[in-house]
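Below, each value reflects all heavy atoms present in this structure, side chains not excepted, and no hydrogens, waters or symmetry copies. Every value quoted in this text rests on a predicted model; they were computed, and no experiment measured them.
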Amino acid sequence: MKRYLFVLCAYLICFINVQAQSLTEVVYLKNDSIIRGSIIEVVPDKSIKIRTSDDHVFAYPMSDVLKIVKEPVDNVYSNSSAKLNTLRTEFKNNYIIQAGYKGFAEFGGGFGVGYWAGGFVSLTASYGYQFNPHIYIGAGIGFNYDFYNSLTFLPIFADCRWNVFNKHKTPVLGVRIGYSVYDGQGVFFNPSIGYRWGLTESVALNVTFNYGLQDDSVYCWGILHTLGFKLGVEF
């Protein structure tokens, strides 16, 4: 009898071990991303860290987590297609927008309407703080040169941006408000709409289309209007 009990216990232990080995921990995020691996740290109501099978470690605030479960492995890593899907998921999760200090450098151009009828080029730089995945507020300076009127504007501005989604790819809305000096002087207003592509944890590309309003009443040019685009790097 004892022998049968011993064999039964051994089978139960093996069964439990097999079941444990066939499960993986899964973190579901509110942005529809999924990460599979082993949870290595949980700070209640603050953050969670998970290590994937290829030894990558990802950290997320608990406010971004939808649920945490254990699921059968189901041979997730048994073929190249599954591995590729996992890498895509890890890329998408790793390059979501992180809070912290960051800067922007942009180059662009466009054309004017009304008094500012010719082409122009612009170079701008901004530095500030990303308060959460959506809101950035900073300050910057720019260089705008009007070929048609041979005027140089140096706008000094407040820079506000809003990322629509907390993903490595997201539409972006922005507005810059300030004052230009040098050849032309006056209020500077520059709303924009564009798109952001995350390249690494800290670097992204931005493409924006912009409307510009420049008050140059000091030199009797009146209100100048422009339409243009910018290609920028976020770092």
Inter-residue atom distance [X].[atom1] - [Y].[atom2], 0.5 Å rounding:
{"X": "R51", "Y": "I40", "atom1": "CZ", "atom2": "CD1", "value": "4.5 Å"}
{"X": "Q214", "Y": "F153", "atom1": "CD", "atom2": "CZ", "value": "5.0 Å"}
{"X": "D32", "Y": "F165", "atom1": "CG", "atom2": "CZ", "value": "10.0 Å"}
{"X": "T170", "Y": "N31", "atom1": "OG1", "atom2": "CG", "value": "10.5 Å"}
{"X": "Y145", "Y": "S150", "atom1": "OH", "atom2": "OG", "value": "4.0 Å"}

Donor-acceptor under 3.5 Å ([X] side chain, [Y] main chain):
{"X": "N190", "Y": "Y211", "value": "yes"}
{"X": "S126", "Y": "G140", "value": "no"}
{"X": "K30", "Y": "S63", "value": "yes"}
{"X": "Y179", "Y": "Q185", "value": "no"}
{"X": "Q98", "Y": "S202", "value": "no"}
{"X": "H134", "Y": "N163", "value": "yes"}

[X] versus [Y], closest heavy-atom pair with distance:
{"X": "E25", "Y": "I39", "value": "OE1-N, 2.7 Å"}
{"X": "V172", "Y": "N206", "value": "CG2-OD1, 4.2 Å"}
{"X": "F131", "Y": "I137", "value": "CE1-CB, 3.9 Å"}
{"X": "N144", "Y": "S122", "value": "OD1-CB, 2.8 Å"}
{"X": "E106", "Y": "L123", "value": "O-CD1, 3.2 Å"}
{"X": "Q130", "Y": "I135", "value": "NE2-O, 3.2 Å"}

- So, do Y101 and Y129 have ring centers that fall under 6.0 Å from each other?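 Yes, close enough.
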Hey, quick one: are [X] and [Y] part of the same hydrophobic cluster, counting side-chain heavy atoms closer than 4.5 Å, chains of contacts allowed?
{"X": "I177", "Y": "L213", "answer": "yes"}
{"X": "V121", "Y": "I141", "answer": "no"}
{"X": "M62", "Y": "F58", "answer": "yes"}
{"X": "I50", "Y": "I68", "answer": "yes"}
{"X": "W197", "Y": "Y136", "answer": "no"}

- Cationic tip of R161 within the cone over F104's six-membered ring, i.e. under 6.0 Å and within 45° of the normal?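 Yes, cation above the ring, under 6.0 Å and within 45°.
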Answer yes or no: is there a side-chain heavy-atom contact under 4.5 Å between [X] and [Y]?
{"X": "W162", "Y": "C160", "value": "no"}
{"X": "I34", "Y": "V27", "value": "no"}
{"X": "V43", "Y": "E41", "value": "yes"}
{"X": "L227", "Y": "F209", "value": "no"}
{"X": "K169", "Y": "Y195", "value": "yes"}
{"X": "V233", "Y": "L205", "value": "yes"}
{"X": "L29", "Y": "L66", "value": "no"}
{"X": "F120", "Y": "T226", "value": "yes"}

- Is a side-chain donor-acceptor pair under 3.5 Å present for S192 with R176?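 No, because no side-chain N or O of R176 sits under 3.5 Å from a partner of the opposite role on S192.
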- Message: More than 12 heavy atoms of other residues, nucleotides or ligands under 6.0 Å from CD1 of I193: yes or no?
- Response: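 Open: at most 12 neighbouring heavy atoms sit under 6.0 Å from CD1 of I193.
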- Answer yes or no: are there more than 12 heavy-atom neighbours, outside F143 itself, under 6.0 Å from its atom CZ?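 Yes - once you tally the heavy atoms of other residues, nucleotides and ligands closer than 6.0 Å, there are more than 12.
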- Given the rule in the side chain to side chain contact (heavy atoms under 4.5 Å, CB included) test, do I48 and V65 qualify, once you have shown the distances and angles that lead to the verdict? CA-CA 9 Å; I48 184 171; V65 176; 3.9 Å; yes
- Message: Between the side chains of K102 and E234, is the shortest nitrogen-to-carboxylate-oxygen separation below 4.0 Å, so that they form an ion pair?
- Response: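 Counted as a salt bridge, because a side-chain N and a carboxylate O are separated by less than 4.0 Å.
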- Item | Chi angles and distances behind the side chain to side chain contact (heavy atoms under 4.5 Å, CB included) call for L151, Y182 | CA-CA 9 Å; L151 292 175; Y182 202 66; over 6 Å; no
- Item | Verdict with supporting geometry, K70 and T24, side chain to side chain contact (heavy atoms under 4.5 Å, CB included) | CA-CA 5 Å; K70 286 189 176 183; T24 185; over 6 Å; no
- Message: Between V175 and F189, is the side chain to side chain contact (heavy atoms under 4.5 Å, CB included) condition met? List the steps.
- Response: CA-CA 7 Å; V175 62; F189 177 64; 3.5 Å; yes
